[in-house]
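Source: prediction; values computed, not measured.
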Amino acid sequence: GDRGELAGIITQTSLLQALDPIEMYAEIEVLQQLLQQSETEREALLAQLMARNKLLESLALTDQLTGLPNRRAMDQALMQLLRSGAGEGVWLFMLDVDYFKRVNDTYGHPTGDHLLKEIADRLGAATRSDSWLYRYGGEEFVCVATGLSQETAGEYGESLRQAIAELVRQRSGAPET
């Protein structure tokens, strides 16, 4: 492309032929235009590459089924919390959905996937503004919260459990607890 054209101009121009200043300036102008085009193309390609990398990073940190941040995102967030010194007041609530295998076995994986999305939605609605919800894997979710007392943390954990308990019990045919 441009480099071949540039090389052709350079090889056609010898020092002896370049004695005419008008021709030299014209050739320099053409070379500068070709370099500018190359720089513009390079900048466009770099912008495209950066956008694709940002998309890949987002995909790597997002659970595709629920749209929640995934375990990798949680690990990164926890490391940042610990580095910032806020690690002392951090609460982790692990939510493992009982009887979920029964849903998949009885109704199939598409129904199980739909239920996981509903669980994520309900947990998202029940999550405080100062906490973060992650899909840990399978039927496990983690809520990370900061700034809670022990009593408030217990109440918050129970509210998360209640947000999904009835839904899962209805869908799985599990006994009431």
Side-chain angles (χ1 to χ4, degrees), residues 38-177:
S38 294
E39 180 67 18
T40 302
E41 288 174 5
R42 186 189 70 76
E43 287 173 3
L45 287 171
L46 182 60
Q48 190 177 37
L49 179 62
M50 290 172 65
R52 287 183 179 177
N53 281 344
K54 191 169 189 141
L55 174 63
L56 283 174
E57 182 178 351
S58 172
L59 291 172
L61 298 174
T62 304
D63 175 64
Q64 295 304 300
L65 180 65
T66 62
L68 292 174
N70 62 19
R71 182 178 179 173
R72 177 179 288 146
M74 183 191 75
D75 291 344
Q76 289 180 3
L78 287 174
M79 289 304 295
Q80 282 183 300
L81 275 172
L82 293 173
R83 275 191 225 118
S84 73
E88 201 171 301
V90 175
W91 292 86
L92 295 177
F93 300 93
M94 173 67 84
L95 301 140
D96 182 73
V97 181
D98 291 337
Y99 308 109
F100 187 78
K101 183 176 179 343
R102 187 183 296 177
V103 173
N104 278 340
D105 291 348
T106 304
Y107 305 106
H109 288 276
T111 300
D113 288 350
H114 181 75
L115 179 58
L116 285 171
K117 290 177 195 176
E118 282 188 74
I119 291 169
D121 290 344
R122 288 216 182 169
L123 286 172
T127 301
R128 298 166 47 119
S129 61
D130 59 351
S131 55
W132 303 271
L133 182 63
Y134 302 90
R135 181 166 179 211
Y136 193 74
E139 72 278 4
E140 299 168 328
F141 296 84
V142 173
C143 181
V144 177
T146 59
L148 303 176
S149 68
Q150 190 165 356
E151 182 180 330
T152 305
E155 293 167 0
Y156 185 44
E158 179 59 20
S159 72
L160 293 171
R161 188 194 68 77
Q162 287 178 0
I164 61 171
E166 184 62 29
L167 174 67
V168 174
R169 190 169 46 251
Q170 287 172 353
R171 299 291 163 76
S172 68
E176 270 192 53
T177 55

Got a second to check how far Leu115's CG is from Lys117's NZ, nearest 0.5 Å? 11.5 Å

Shortest non-hydrogen contact between Leu148 and Ala145, atoms and distance: CD1-CB, 3.7 Å

Does some side-chain heavy atom of Leu123 sit less than 4.5 Å from a side-chain heavy atom of Cys143? no

Inspect the surroundings of CD in Glu39 and state if more than 12 heavy atoms from other residues, nucleotides or ligands are less than 6.0 Å away. yes

Under a 4.5 Å cut-off applied to non-hydrogen side-chain atoms, are Leu78 and Leu92 in contact? yes

To the closest 0.5 Å, what do you measure between OG1 (Thr40) and CG (Leu45)? 11.0 Å

Can any side-chain N or O of Ser131 pair as donor or acceptor with the backbone N or O of Thr127 at less than 3.5 Å? no

Does any pair with a residue in residues 104-115 pass salt bridge (charged side-chain N to carboxylate O under 4.0 Å, His left out), and if so which ones, sequence neighbours excluded? Lys101-Asp105

Count the heavy atoms belonging to other residues, nucleotides or ligands that lie under 6.0 Å from CE of Met50, then report whether that count exceeds 12. no

Does the side chain of Glu158 come under 3.5 Å of the side chain of Gln162 through a donor N or O and an acceptor N or O? yes

Against Arg128, only a single residue in Leu133, Thr152, Leu160 fulfils side chain to side chain contact (heavy atoms under 4.5 Å, CB included); can you say which? Thr152

Quick check: do Ile164 and Glu118 have side-chain heavy atoms less than 4.5 Å from each other? no

Mind checking the CG-NE2 spacing from Leu65 to His114? Nearest 0.5 Å is all I need. 11.0 Å

At what distance, to the nearest 0.5 angstrom, does OG1 of Thr62 lie from CZ of Arg72? 10.5 Å

With side chains defined as the heavy atoms from C-beta onward, is the minimum distance between Leu81 and Val144 less than 4.5 Å? yes

Qualifying ring-ring contact (aromatic ring centres under 6.0 Å, His included) pairs, either residue in residues 119-166, two or more places apart: Phe93-Tyr156

Donor-acceptor check, side chain of Glu139 to backbone of Gly137, threshold 3.5 angstrom: yes or no? no

Any Phe100 side-chain heavy atom under 4.5 Å of Glu140 side chain: no

If you count heavy atoms of other groups shown closer than 6.0 angstrom to CD of Glu151, is the number above 12? no

For the NE2 atom of His109 and the CG atom of Leu116, what is their distance to the nearest 0.5 Å? 10.5 Å

Working to the nearest 0.5 angstrom, can you tell me the gap between Ile119 CD1 and Thr66 OG1? 10.5 Å

Nearest non-hydrogen partners of Gly138 and Arg135, listed with the distance: O-NH2, 2.7 Å

